[in-house]
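Contents: one structure, followed by commentary.
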Number of protein chains: 2
Amino acid sequence: MTQTPRPLDTHLLAHDRVYRHLRSRIMYGDLAPGQSLTLRGIGKEFGVSMTPAREAVRRLAAEGALTMSASGRVSTPALSNERIEELAALRALIEVELASRAMPRAHYALIDRLQTINNAVSEAVAHRDAVSYIRSNLEFHRTLYLRAQAPAMLAMAETVWLQLGPTMRALYGRLRRTEPPHFHKLIIAALRAGDEPGLRLAVRTDVTQGLRMLAT
Amino acid sequence: MTQTPRPLDTHLLAHDRVYRHLRSRIMYGDLAPGQSLTLRGIGKEFGVSMTPAREAVRRLAAEGALTMSASGRVSTPALSNERIEELAALRALIEVELASRAMPRAHYALIDRLQTINNAVSEAVAHRDAVSYIRSNLEFHRTLYLRAQAPAMLAMAETVWLQLGPTMRALYGRLRRTEPPHFHKLIIAALRAGDEPGLRLAVRTDVTQGLRMLAT
DNA sequence: CAGGCTGGCATGTGATCACAAAGACTGTAT
DNA sequence: ATACAGTCTTTGTGATCACATGCCAGCCTG
């Protein structure tokens, strides 16, 4: 490692840059479900050839963030209700465990940061900004789970978020809510009180509730 | 190479063929932890160019089945004890849920098949064949979980198996056990009795026990 | 006007190449 | 004998190209 000539963009490898950008877009709901992408289009957009575009796309597809038709056409996935329920259950399982592991290490500074992030969530809800809402909501969860010191579990949770990204966008886009996130307050309260069963319940409910209203 | 000379192999796409073969090798412990691979070597072995080899490798790396150094060198991962503990916890979480969901649909035919597979497990243990042991052991679990009708969860479980593959190989390779798998019998018994809490406990124990003896 | 067919365009796949960087190896000096 | 330096080989990366395939529009026919 001589010296990276680029202070921004930690990894300067083309395929990684493309991967990260696309991943963000998908996870935070910039792309609607069913939207299709082309390798040449991605390449042109990022100023690279098809090769790194293909690697990024295949990686995303492997993580379930994109689906590939038999002919190799890629598009953002349109999830069935069963799939959504399953992914919600997975979120509940993993994230409850992460929260539980994070709790003993959650100091006041962390809780304050969660509070701050949660204000951003409320603001996004008030402005009906779906992308900001998803982004700050996930940041709230990630900030808490980071304290669990369980990178493999966190990676799994993020993979699930990734798969739900376009769907969440579609969901919150047609949502008329303006009330701030109630269950986040419960999470913070349980954290403050050191109430582990309460924390588990609050996380499970928060994670499950949003997806429940998908049942058509 | 205009026409693939191979009528078998359901998917005739080069990168997919390479991916599947490598994945099997890793998951079933054909490769020791820390073993390094080269793209040109893989390409030569499968008779393809570097391009599909790279895609297969990157996909495996994305799934945690291979690690890539900063310079892009790939090798099978040597897991830390914390990582192993974490992955074991993940297995417990997900597989207990899968077993629980599979139980209501577990008919006699399924239990018989589990019994048969378990005999293969016993035989592999008796012959001290680590690869056969891992393969039939995972087949036992997969057969049960398939009944849960939860493809996303099963995929996650398999990803964890994949990450643990080389480590399990190293573990069972230096194991001197010859007794047949006790906890599998408990699982089958709980299934027969319709004892859901017992099933959860049996699965959790079976999944956890093997990795416990890793704590150096 | 409807339905099927054909031709052309768009798109993914895999091979090959040039290049850069990382590692290994060898020879030398201390 | 060991440490260092220079080179030579190995290896990953990304661009480009040829090719096969799938999709779609427009046309023709009934």
Side-chain angles (χ1 to χ4, degrees), chain A residues 1-23 26 31 34-78, chain B residues 1-23 26 31 34-78:
Chain A
M1 171 95 47
T2 56
Q3 189 65 343
T4 65
R6 201 163 295 186
L8 302 178
D9 248 355
T10 56
H11 290 71
L12 29 66
L13 268 54
H15 72 264
D16 215 48
R17 214 177 68 233
V18 176
Y19 168 77
R20 285 163 198 268
H21 280 236
L22 287 181
R23 184 178 198 266
I26 296 168
L31 275 53
Q35 191 158 335
S36 68
L37 302 169
T38 67
L39 296 185
R40 286 174 175 87
I42 294 168
K44 188 174 296 183
E45 176 181 348
F46 289 94
V48 299
S49 80
M50 297 172 53
T51 312
R54 214 165 61 182
E55 291 184 22
V57 161
R58 299 207 85 97
R59 179 166 175 190
L60 261 351
E63 293 172 5
L66 292 174
T67 58
M68 303 191 60
S69 77
S71 63
R73 248 80 167 192
V74 302
S75 58
T76 172
Chain B
M1 170 131 4
T2 56
Q3 187 71 334
T4 65
R6 206 161 287 189
L8 303 178
D9 252 355
T10 57
H11 291 70
L12 26 67
L13 267 54
H15 72 263
D16 214 48
R17 214 177 68 231
V18 176
Y19 168 77
R20 285 164 199 269
H21 280 236
L22 287 180
R23 184 177 197 268
I26 295 169
L31 276 51
Q35 192 158 333
S36 68
L37 303 169
T38 67
L39 297 185
R40 284 174 177 87
I42 294 168
K44 188 174 297 182
E45 176 181 348
F46 289 94
V48 299
S49 80
M50 296 172 55
T51 311
R54 216 164 63 182
E55 290 184 23
V57 160
R58 299 207 84 98
R59 179 167 176 189
L60 261 352
E63 293 174 15
L66 292 173
T67 58
M68 303 192 59
S69 77
S71 64
R73 249 79 167 190
V74 303
S75 58
T76 170

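Chain letters run A, B, ... following the sequence lines, proteins first and then strands; every chain starts at 1.
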Inset, instruction - Could you tell me the separation between the CD atom of A:Glu45 and the OG1 atom of A:Thr38, rounded to the nearest 0.5 Å? - result: 9.5 Å

Legend entry - Under-3.5 Å donor-acceptor pair between B:Arg54 side chain and C:dG14 base: no

Legend entry - Which residue lies more 5' along DNA chain C, comparing B:Val48 with B:Ser69 via nearest heavy atoms: B:Val48

Between [X] ([atom1]) and [N] ([atom2]), how many Å, whole number?
{"X": "A:Met50", "N": "D:dC17", "atom1": "CE", "atom2": "C1'", "result": "10 Å"}
{"X": "A:Arg40", "N": "D:dA18", "atom1": "CZ", "atom2": "P", "result": "13 Å"}
{"X": "A:Phe46", "N": "D:dG14", "atom1": "CZ", "atom2": "P", "result": "14 Å"}
{"X": "A:Ile42", "N": "C:dA10", "atom1": "CD1", "atom2": "C1'", "result": "15 Å"}
{"X": "B:Met68", "N": "C:dA22", "atom1": "CE", "atom2": "C1'", "result": "14 Å"}
{"X": "B:Lys44", "N": "D:dG12", "atom1": "NZ", "atom2": "P", "result": "13 Å"}
{"X": "B:Asp16", "N": "C:dG12", "atom1": "CG", "atom2": "C1'", "result": "14 Å"}
{"X": "A:Arg73", "N": "D:dA20", "atom1": "CZ", "atom2": "C1'", "result": "12 Å"}

Legend entry - Check against side chain to side chain contact (heavy atoms under 4.5 Å, CB included), A:Arg23 and A:Glu63: CA-CA 10 Å; A:Arg23 184 178 198 266; A:Glu63 293 172 5; 4.2 Å; yes

Inset, instruction - Please determine if a side-chain N or O atom of A:His15 lies less than 4.0 Å away from the OP1 or OP2 oxygen of D:dT13. - result: no

Choose from [options] the nucleotide whose nearest atom is closest to any side-chain atom of [X].
{"X": "B:Ala14", "options": "C:dT13, D:dA15, C:dG14", "answer": "C:dG14"}
{"X": "A:Thr51", "options": "D:dA15, C:dA15, C:dG12", "answer": "D:dA15"}
{"X": "B:Ser49", "options": "D:dG14, D:dT13, C:dT16", "answer": "C:dT16"}
{"X": "B:Ser71", "options": "D:dT13, D:dA15, C:dA22", "answer": "C:dA22"}

Inset, instruction - Using heavy atoms to find the nearest nucleotide of DNA chain D for A:Pro52 and B:Thr38 separately, return the residue whose nucleotide is more 5′. - result: B:Thr38

Legend entry - Smallest separation among heavy atoms of A:Pro77 and A:Thr67, with atom names: CB-CG2, 3.4 Å

Legend entry - Which atom of B:Ser75 lies closest to which atom of B:Gly34, heavy atoms considered: CB-O, 4.1 Å

Inset, instruction - Indicate whether the side chain of B:His15 and that of A:Arg58 have a donor and an acceptor atom separated by less than 3.5 Å. - result: yes

